[in-house]
Amino acid sequence: MKRKSKAAKGPDAEILFARLQALAGDLWWSWQAGGADFWSALDPEGWLATAHNPVALLADGAPKTFAARFAADPALGEALADLEARRERYLGDRDTWHDRAGRPIRGLLAYFSAEYGIHESLPNYSGGLGILSGDHVKSASDIGLPFVAVGLLYRNGYVRQHVDADGRQVPRYVDYDFDRLVCRPVTGPGGRPTRVEVPILDEICQVQVWRVRVGRVDLYLLDTDLEENPEHLRGITAQLYGGGHETRIKQELVLGVGGVRAIRAMGLQPTVWHLNEGHSSFLNLERIRELMAAGEADSVPAAIERIRDNSVFTTHTPVEAGHDRFDPAMAWSHLKWFADGVGLDGPGLLALGRWSGDGAHHGPFNMTLLAMHTCTHLNGVAALHGVVSRQMFGRFWPGTPEDEVPITHVTNGVHAPSWQGDALTVVLDEHLSAGWRDRPATHPVWAAVDGVPDDAIWAAHHVGKQTLFDLARRREAARRERFGLEPWADRLEADVLTIGFARRFAPYKRADLIFSDMERLLAILDKAAGPVQILYAGKAHPADVKGQQLVQNVYKASHHPALMGRVLLIEDYDIELGRALVQGVDVWLNNPRRPKEASGTSGMKVSMNGGLNLSILDGWWPEGYSGHNGWTIGEPRSYPSVEAQDAADADSLYLRLERDVIPLYYERDAAGLPRRWLAMMKNAIRTVTPNFHSDRQVQDYVHHLYAPG
Ligand SMILES: *Cc1c(COP(=O)(O)O)cnc(C)c1O
């Protein structure tokens with residue numbers, strides 16, 4: 001008898017474990033209501049110990065341990081079955097947006113990006129560009145596009161941040177074990193790993209292809225860290241945006257050339273190719289080489305004519321340093337194999353990455369210009385960024401009036417299911433019509449937000465606020481312990497106006513603008529109706545000395561006696577912290593030097609959670625600001641100098657805080673609710689969620705760029 005029951009238990013545990021692995025093996029769970037809750041209920045300690053990584057959580061346990069959890073808690077079985085049923089319906093849905101739109105993408109879309117921020121458990125992102133790619137992939141899956149994504153798999157991810165006792169940023173690289181991440185090696189016939197080859201100078205680099213499942217979409221990540229490669233080639237994919245130009249050009253060869261070869265090796269036939277930023281522009285060189293090798297084009301110009309109409313290029317920044325440029329000699333030595341193959345000489349090759357009409361005699365090889373030479377469909381990421389891009393690149397089309405320069409825009413969006421807080425979505429479930437989750441980009445459902453009771457919104461917001469404070473305290477406690485500091489004299493309070501500022505600490509974003517006149521700030525706070533808390537987060541690129549100085553400036557300001565305990569720089573900005581911030585702050589501060597912020601997306605996430613933007617009219621905000629869903633800082637104009645611009649914007653910021661933001665937050669009725677503030681919160685949710693949802697963004701790409709006409 002005993003043996004029999006044991007035998008019956010064994011397979012059950014194994015089957016259950018296989019079901020858990022199947023759920024963990026698709027990042028789909030990460031944007032489902034109840035997805036994260038399921039894993040944390042299954043193994044609360046493992047969930048925290050693995051930093052929210054179900055693949056690692058399962059690897060650390062035994063099937064029978066998990067089976068015992070299910071035996072002890074029947075709710076777990078129900079939750080698992082519910083998630084499985086929903087996933088099956090999702091994967092089998094034949095009535096997606098793409099179906100209803102008549103399947104405008106006839107074949108397959110291939111999307112290339114150097115980074116993907118899908119979930120904190122896959123460390124494949126540095127910041128905005130990666131989060132945008134991740135949200136794009138999720139929406140492509142949700143709306144049913146035939147879509148594959150290609151990127152690189154970084155052994156050390158992007159730099160992590162410690163902040164030492166003096167506020168200096170200390171870079172930290174983690175060695176990730178790919179077996180504990182959600183990626184799995186792609187295998188071909190006979191179960192052999194799928195490998196492709198990329199020429200790197202005089203050598204051939206072997207590249208392994210990994211797959212990450214993101215709902216309906218496969219994300220393929222390329223990895224050079226293989227025993228077959230010599231050490232210097234193994235390190236190509238070590239760090240995202242690490243190393244110098246030499247490493248960068250090698251990474252971009254692996255991404256572009258290796259990416260096309262990987263797609264071919266898997267037998268895929270894309271009909272549209274999207275170059276998300278110039279890092280992947282080499283993919284078009286490989287497509288040119290393919291056409292000529294196959295005899296389908298007899299010259300490079302003829303091959304470009306063949307590829308350009310199904311090539312889409314998105315530029316993401318008006319900041320010059322954000323465009324990859326390579327020394328001509330470096331570009332030539334890395335691309336000589338290509339030039340030889342297609343019969344180009346040095347000047348002919350370099351002309352592909354230079355301004356038209358410049359001749360081939362000077363200037364670096366520019367990846368943005370390579371994309372513009374080889375793609376018909378070009379876009380910026382917000383309306384204002386479209387205007388700025390047409391100015392920046394107008395001379396690429398000599399004689400064309402600026403407003404006719406063929407660069408359009410698709411305003412960015414964010415994947416609301418990934419960013420809206422659970423407490424708020426429960427409230428919305430109660431009050432919005434049933435379709436709000438499935439047809440999020442349709443407007444009528446959002447009108448109902450105005451009818452949601454104030455106290456329900458306020459209570460949901462406070463859940464997010466508490467979660468944010470908990471995370472801030474945990475991270476700060478860990479930091480202080482590491483550096484042997486006294487515990488933090490924490491004065492965070494839920495009923496205090498809480499401002500958030502989190503972004504890359506690049507100088508143009510002016511992280512310390514609010515501290516530029518400390519006396520004035522303290523005077524405002526002194527007279528205010530109530531206190532103000534400010535939570536900061538953000539990394540500076542390890543090579544950005546000025547950015548690191550900003551980290552230190554903010555850190556030092558947070559130690560001013562009048563601000564201590566209420567102003568905090570939280571370490572290591574990542575998706576987990578980003579989610580907590582956008583769901584927990586009352587006000588999101590954004591004060592870049594206009595017009596340098598191409599779009600910005602964190603403010604959209606904040607609005608969707610009822611937070612109010614206090615922002616320069618840059619990036620997406622000129623389109624998002626309705627007059628009643630947040631505030632502006634400064635004037636939409638240009639200035640004779642950076643100093644004049646900074647002074648004018650700081651003045652405007654102080655006035656806004658003093659006259660508008662702080663008084664309105666502390667204006668309470670008999671029930672203790674800030675009614676006029678709450679009306680603005682609802683405006684933010686109602687106006688921003690449908691318009692800045694990444695479903696809308698990807699749909700715009702389909703209509704205007706992927707399948708125009
Ligand atoms: C949304 C997000 C970003 C990008 O936001 P910006 O407004 O462009 O700075 C960067 N990092 C994280 C973790 C995010 O969640």
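Residues take their numbers from the sequence shown, with the count starting at 1. All ligand and atom numbering here is 1-based and tracks the order in the structure.
When heavy-atom distances to ligand 1 are checked against a 4.0 Å cut-off, W588 has no atom that comes that close, whether in backbone or side chain. Within the 4.0 Å heavy-atom criterion, neither part of L577 lies near ligand 1.
In terms of protein heavy-atom proximity, atom 10 (C) of ligand 1 is nearest to G128 N, 3.6 Å. Scanning all protein heavy atoms for the shortest distance to atom 12 (C) of ligand 1 gives Y573 OH, 3.4 Å. From the protein, the heavy atom lying nearest to atom 7 (O) of ligand 1 is S602 OG, 2.5 Å.
The contact set between ligand 1 and R503, taken as ligand atoms under 4.0 Å from a residue heavy atom, comprises 7 (O), 9 (O). Of all atoms in ligand 1, numbered sequentially from 1 with element shown, those under 4.0 Å from a heavy atom of D574 are 13 (C).
Remark: the backbone N or O of K596 is paired with a side-chain donor or acceptor of D618 at under 3.5 angstrom. Of the possible donor and acceptor atoms, none in the side chain of Y508 sits under 3.5 Å from a partner among the backbone N and O of V319. Side-chain atoms of N691 never come within 3.5 Å of backbone atoms of V688 as a donor-acceptor pair (strictly under, hydrogens ignored).
Within the structure, ligand 1 lacks Y125 among the residues with a heavy atom less than 4.0 angstrom away.
Side chains of F147 and H274 form no contact here, defined as non-hydrogen atoms less than 4.5 Å apart. When side chains are defined from C-beta on, R160 counts as touching V174, because their heavy atoms get closer than 4.5 Å. The shortest side-chain heavy-atom distance between Y111 and V217 does not fall under the 4.5 Å cut-off.
Remark: ligand 1 and K605 share an N or O pair separated by less than 3.5 Å (distance only, no angle test). Between T601 and ligand 1, a contact under 3.5 Å exists for at least one N or O pair.
Figure legend: cation-pi geometry between R155 and Y176 absent, as NZ or CZ is not positioned both under 6.0 Å from the six-membered ring centre and within 45° of its axis.
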